[in-house]
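Beneath this line is the structure, given in structure tokens, with notes to follow.
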Amino acid sequence: MALVLVPTLSLVEVKWMLQDYLDAYKSKDFQIALRRALKAANGDMVQEVRNRQEVCLPIQKPILEKYGFEPTKQGVQDSLRATTAVGNQYTDEMSRLHFQLQWIINPLAQEADPNFVPDFQMPRPEELDSRYTYGLGVPDPGTRGSVYLVVGGSVAGGLLVRRAAAMDSQIYRYRLRTGAKIEALEAPVDGRLHYKRLTGEGPDFGWVSTSLKGQELVRPL
């Protein structure tokens with residue numbers, strides 16, 4: 001029987017791998033799939049573990065291959081042994097990455113501490129229902145479901161996006177780029193618009209200002 005050599009990782013490589021996993025797990029598609037998979041377990045904790053493993057594996061495969069591991073469940077176990085081997089050398093930053101990874105695949109932990117991972121966007125309840133859609137017809141401008149074009153922010157690289165309507169709420173790392181099209185999730189309130197991104201670049205969901213110092217930032221279509 002041929003001897004199979006299992007890769008080892010340096011401390012720096014472990015840090016990179018942890019960060020790669022965290023970035024990949026932030027995917028909105030993954031977060032929706034994770035919640036649906038856990039719900040499908042119907043409270044069976046053993047099945048929840050299995051379902052979580054199944055939904056995580058497609059995310060893990062390209063990262064495992066990047067660091068020399070098999071893109072399989074065995075590769076996951078081998079990579080865990082490699083990271084555990086240097087666990088006693090973790091820096092504070094790496095320890096935080098470790099706990100953030102546990103958080104990002106645990107929706108209950110996310111609800112308990114929603115700001116533990118910066119720029120993470122938790123799926124909205126309606127996104128978990130494949131039947132969800134807005135009503136037929138074109139909504140009136142300024143109402144829920146109406147579409148806006150981002151016309152401001154060209155100099156700053158886009159519009160500042162916050163997690164909530166309040167001007168002191170958390171700011172997302174990335175801006176909503178000029179030219180993006182967004183859909184109103186509710187009517188604007190006090191010059192603040194809760195949106196869902198349709199096209200262009202920027203956070204999928206968030207709150208933006210509709211104008212600034214008399215200048216239009218988003219224009220209804």
Side-chain angles (χ1 to χ4, degrees), residues 19-37 39 55 58-59 62 100 103-105 107 110-111 113-221:
Q19 187 65 62
D20 285 346
Y21 276 134
L22 184 64
D23 291 341
Y25 287 142
K26 289 179 183 178
S27 160
K28 182 66 70 65
D29 289 343
F30 168 76
Q31 290 294 325
I32 292 172
L34 173 65
R35 284 159 171 76
R36 289 176 176 171
K39 182 178 180 180
V55 79
I59 297 291
Q100 286 178 325
W103 177 93
I104 208 164
I105 60 171
Q110 294 173 14
E111 292 177 8
D113 187 5
N115 298 319
F116 188 49
V117 173
D119 72 23
F120 171 74
Q121 298 177 58
M122 196 177 300
R124 293 172 55 81
E126 58 264 32
E127 292 181 279
L128 306 180
D129 186 350
S130 60
R131 299 170 299 176
Y132 173 77
T133 184
Y134 288 115
L136 298 176
V138 179
D140 294 331
T143 62
R144 174 179 174 178
S146 57
V147 177
Y148 291 77
L149 176 68
V150 178
V151 295
S154 58
V155 175
L159 302 186
L160 202 64
V161 181
R162 294 183 182 271
R163 183 180 290 274
M167 295 301 290
D168 60 353
S169 62
Q170 180 183 349
I171 298 174
Y172 287 125
R173 178 182 301 176
Y174 302 106
R175 289 175 176 255
L176 183 63
R177 293 302 185 95
T178 306
K181 289 183 180 180
I182 57 177
E183 184 173 325
L185 295 176
E186 53 191 278
V189 178
D190 296 329
R192 300 287 289 161
L193 177 65
H194 191 196
Y195 78 85
K196 168 187 175 183
R197 181 174 60 82
L198 300 176
T199 65
E201 299 180 11
D204 292 335
F205 295 88
W207 290 79
V208 295
S209 295
T210 57
S211 63
L212 178 65
K213 297 180 180 179
Q215 295 296 316
E216 190 178 43
L217 298 180
V218 294
R219 179 178 302 157
L221 297 176

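We're numbering straight along the sequence, starting at 1.
Contact between Ala184 and Tyr148 at its shortest, heavy atoms only, is CB-CE1, 3.9 Å. Closest approach of Ser209 to Leu217, counting heavy atoms only: O-CD1, 3.4 Å. For the residue pair Gly206 and Val161, the shortest heavy atom distance occurs at CA-CG1, 3.7 Å. The shortest heavy-atom contact between Leu149 and Gly179 is CD1-O, 3.5 Å. Across every non-hydrogen atom of Lys196 and Leu185, the tightest pair is CB-CD2, 3.9 Å. Counting all heavy atoms, side chain and backbone alike, Val208 lies closest to Leu160 at CG1-O, 3.6 Å.
For residues 164-181, the pairs satisfying salt bridge (Lys or Arg N to Asp or Glu O under 4.0 Å) are Asp119-Arg173, with sequence neighbours left out.
Applying side-chain contact (heavy atoms from CB on, under 4.5 Å) to Ile182 and the options Leu176, Asp204, Leu198 leaves one that passes, Leu176.
In terms of the side-chain contact (heavy atoms from CB on, under 4.5 Å) criterion, residue partners of Ala164 (sequence neighbours excluded) are, by chain and number, Ser169. Remark: Tyr172 engages no residue in a ring pair (Phe, Tyr, Trp, His ring centres under 6.0 Å) (not counting sequence neighbours). Residues forming a side-chain hydrogen bond (donor to acceptor under 3.5 Å, both in side chains) with Thr210 (at least two apart in sequence, or on another chain): none. In this structure Val189 satisfies the side-chain contact (heavy atoms from CB on, under 4.5 Å) test with no other residue, sequence neighbours excluded. Residues that satisfy the side-chain contact (heavy atoms from CB on, under 4.5 Å) test with Asp190, not counting sequence neighbours, are absent from this structure. Scored by the side-chain hydrogen bond (donor to acceptor under 3.5 Å, both in side chains) test, Glu201 finds no partners at all (sequence neighbours excluded). Under the rule for a side-chain hydrogen bond (donor to acceptor under 3.5 Å, both in side chains), Asp29 has no partner lying at least two apart in sequence or in another chain. In this view, Pro114 and Met122 satisfy the side-chain contact (heavy atoms from CB on, under 4.5 Å) rule, not counting sequence neighbours. With sequence neighbours left out, the side-chain hydrogen bond (donor to acceptor under 3.5 Å, both in side chains) criterion links Asp23 to Gln19.
Within 6.0 Å of NZ in Lys39 there are 12 or fewer heavy atoms belonging to other residues, nucleotides or ligands.
Rounding to the nearest 0.5 Å gives a distance of 4.5 Å between CD of Gln110 and CD of Gln31. For the atom pair Trp207 CH2 and Met167 CE, the distance stands at 12.0 Å (nearest 0.5 Å). Interatomic distance, Glu186 CD to Leu193 CG, rounded to the nearest 0.5 Å: 8.5 Å. To the nearest 0.5 angstrom, Arg197 atom CZ is 9.0 Å from Lys28 atom NZ. To the nearest 0.5 Å, the span separating NE2 on His194 from CZ on Phe205 amounts to 7.5 Å. Rounding to the nearest 0.5 Å places CD1 of Ile105 at 13.0 Å from CD of Gln100.
By the 4.5 Å heavy-atom criterion applied to side chains, Phe116 and Ile104 are not counted as neighbours.
In this structure a side-chain-to-backbone donor-acceptor pair under 3.5 Å is present from Thr178 to Gly152.
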